[in-house]
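Take a look at the structure below.
Below, chain A is the first sequence line, B the second, and so on; all start at residue 1. Everything numeric in this text was worked out from a predicted model, so none of it was measured.
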Amino acid sequence: MDDTIYELKDVCFSYLGRFPALRDINMNIAKGQKITIIGANGSGKSTLLQMLDGLIFPDKGCIKAFGKELKEEIFRDDGFSRDFRQRLGFVFQNPDIQLFCPSVKEDLVFGPLQLGVEKKEIAKRLEEVLSILLIEHLLDRSPHQLSVGEKRKVAIASILMINPDVLIFDEPTAGLDPLTTRHIIDLLIQKNEAGKTIITSTHDLHIVEEISDIVYVFSQEKKIVGFGPPDKILNDAALLKTNNLVHIHSHRHKDKIHIHPHLHLDHHTEG
Amino acid sequence: MLKNHNFIERSIMGALSFFKESIFAEECASQKGFLQSLDPRIKAITFILFILQILFTKDIIVLLCIYAACLLLAKLSKIDLGFFLKRTWVFIPLFSLFIAVPAIFSIFTPGAALITWRVGGITIIITRQGLEAATLFVMRVITSVSFAVLLSITTKHFALLKVLRLFKIPQIFVMTLGMCYRYVYLFIEVIENTYLAIKSRVGIRMSPQRGRHIVASNIAGLWQRSYQLNKDVYKAMLSRGYSGEPLILDDFKTTLIDWLWLFAVLVVNATLLYLRYRTA
């Protein structure tokens, strides 16, 4: 299939050879899709994303990206490595890891510079990215002077500067205020409409419907326990509850106390 | 152990706030003054020229003039002179006064007696040559330190690091220094928060043994964190195309003011050199 970007077959991974992080993962991702991976903390989401970005490699099974099997050796080929990094952008969960340069500007241009992008093109992309994310005023600051939301925006900007075909986001809205969350979701949707493939991991179910064509549910056993379109997955309360993605919650509507599995998705019509 | 205002608290908080204020605040570097507007490379070169001039000048009057110029530059750069003098004079007793004081006595610098004391049968003589040498030494230190401090407080630190490239220092070294600068602040925050978390849980009283245990385990914890961070940052670098040879953006821009300033400094330095040559 021409449009396939990723093919994962029976992928297993463990840390230090002892602590399983992924078990028998099978997955296909096509060009232009919006894929969301949901699961509780420690279910292997971040490990999978790092694997998709060619930072770690399976102990067992096979992962193919753009038709080639991802193995450590293949990244020793500078041509392949550069091409792969140019096509893929990974936004880490912790922006303090991603922003390792002493100034925002240096962080933004780090990727394109390493990938040999022309200086004129870098300047053009910089202007575009700054206006999209409204972070022009942060350019000369040091990352330690930024708020969490600003750091997240700069981290995303540093990836958009590479202009990759595939954007991978690890918990992009964790710890953000509602307005910044909205801004980031809008950006994801906009990038997808522009033809980019978007892969997101989250346990924030509010945002899943908007940013997904297909949702994968990961269990505490580090396995895929369900996948499908977002409406199917989000309506499967038993699946979500078993995997710690919803909780029983009580709250008050005027004088009535209301108890139900809490998804934060539905609006209650009764007063 | 964790009583208010105790030794450990004062040391930790004092050291951390010193780091934050002196290294990371960059308030002066963000002002819109004369030195802040200069290209960091030109500024660094001209300041090095001044410092070289200071090292070779033997005339106290010339040194006083250069020091006055330094204070004028600080004023033009919107630096509070009180703050600037405090910052520079802190170093003077440390680095020069204690070394210079013995030189004024005839034991170390023989010469014409200026003041003579007799204390318990011993004659102590302060010589003119000794006093002149000590004053010259102290003035040199004051002026050099003032220029060095002025350069560091009017330039953003990451720009200063990039100036190192002028001296053919490898990119990897400049980049590593930049990353150290970036992450030292992060770890300062971790230490502060850890200290506050301990204080909030154990209160203000604790046995010295338990206190030492907590401090030791936190040092180990911090080491672990830095090790993990090191691995994660490397992954983040790889993910953005790093392949062992980092490339750093050279975005310095010179303007007419930079060239005029460089020209003026060269003229002043050449004049001083000529005057020294004539009087020699």
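Looking at D140(A), both its backbone and its side chain come within 4.5 Å of chain B, counting heavy atoms on both sides. Both the backbone and the side chain of F90(A) come within contact range of chain B, with heavy atoms under 4.5 Å apart. Only the side chain of Y183(B) comes within contact range of chain A, judged by heavy atoms closer than 4.5 Å. Proximity to chain B (any heavy atom under 4.5 Å) is restricted, for E106(A), to the side chain, taken from C-beta onward. At a 4.5 Å heavy-atom cutoff, the contact between M237(B) and chain A is made by backbone and side-chain atoms alike. Interface residue I162(A): only side-chain heavy atoms are found under 4.5 Å from chain B. Heavy atoms of L229(B) lying under 4.5 Å from chain A belong exclusively to its side chain. Heavy atoms closer than 4.5 Å to chain B are found in the side chain of Q50(A), but not in its backbone. Only the side chain of S142(A) comes within less than 4.5 Å of a heavy atom in chain B; its backbone stays farther off.
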### Task
Could you walk me through whether D96(A) and R182(B) pass salt bridge (charged side-chain N to carboxylate O under 4.0 Å, His left out), step by step?
CA-CA 9 Å; D96(A) 274 321; R182(B) 159 80 180 95; 2.7 Å; yes

### Task
I would like to know whether L55(A) and L238(B) meet side chain to side chain contact (heavy atoms under 4.5 Å, CB included); could you show each step before the answer?
CA-CA 8 Å; L55(A) 297 172; L238(B) 283 181; 4.0 Å; yes

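By the 6.0 Å contact criterion, NZ on K156(B) is enclosed, its count of non-hydrogen atoms from other residues, nucleotides or ligands being greater than 12. Counting non-hydrogen atoms of neighbouring residues, nucleotides and ligands closer than 6.0 angstrom, the CD atom of E73(A) exceeds 12 such neighbours. Within 6.0 Å of atom CD in E127(A), 12 or fewer heavy atoms from other residues, nucleotides or ligands are found, so the atom counts as exposed in its surroundings. Remark: Y15(A) OH is packed, more than 12 non-hydrogen atoms of other residues, nucleotides or ligands lying under 6.0 Å away. Counted within 6.0 Å of CG on L72(B), heavy atoms from surrounding residues, nucleotides or ligands total more than 12; the atom is thus considered enclosed. Applying the 6.0 Å contact sphere to CD of E136(A) captures no more than 12 heavy atoms from other residues, nucleotides or ligands. Within a 6.0 Å radius of NZ in K9(A), no more than 12 heavy atoms belonging to other residues, nucleotides or ligands are found. Shown here is Y234(B), whose OH atom has no more than 12 heavy atoms of other residues, nucleotides or ligands within 6.0 Å.
Considering only heavy atoms from C-beta on, Y242(B) stays 4.5 Å or farther from R85(A) through its side chain.
Relative orientation of the H144(A) and Y185(B) rings is parallel, given thresholds of 30° and 60° on the angle between their planes.
Here the OG atom belonging to S103(A) is positioned 9.5 Å from the OH atom belonging to Y181(B), to the nearest 0.5 angstrom. The CZ atom of F75(A) sits 13.0 Å away from atom OG of S243(B), with the distance rounded to the nearest 0.5 Å. The CD atom of Q228(B) lies 7.5 Å from the CD1 atom of I97(A); values are rounded to the nearest 0.5 Å.
Contact count versus chain B (heavy atoms, under 4.5 Å) is highest, among I56(A), L115(A), D78(A), D107(A), for D107(A).
Of all heavy-atom pairs between F100(A) and M179(B), the closest is O-CG, 3.3 Å.
The residues R240(B) and D53(A) are annotated as not salt-bridged, no charged nitrogen and carboxylate oxygen being separated by less than 4.0 angstrom.
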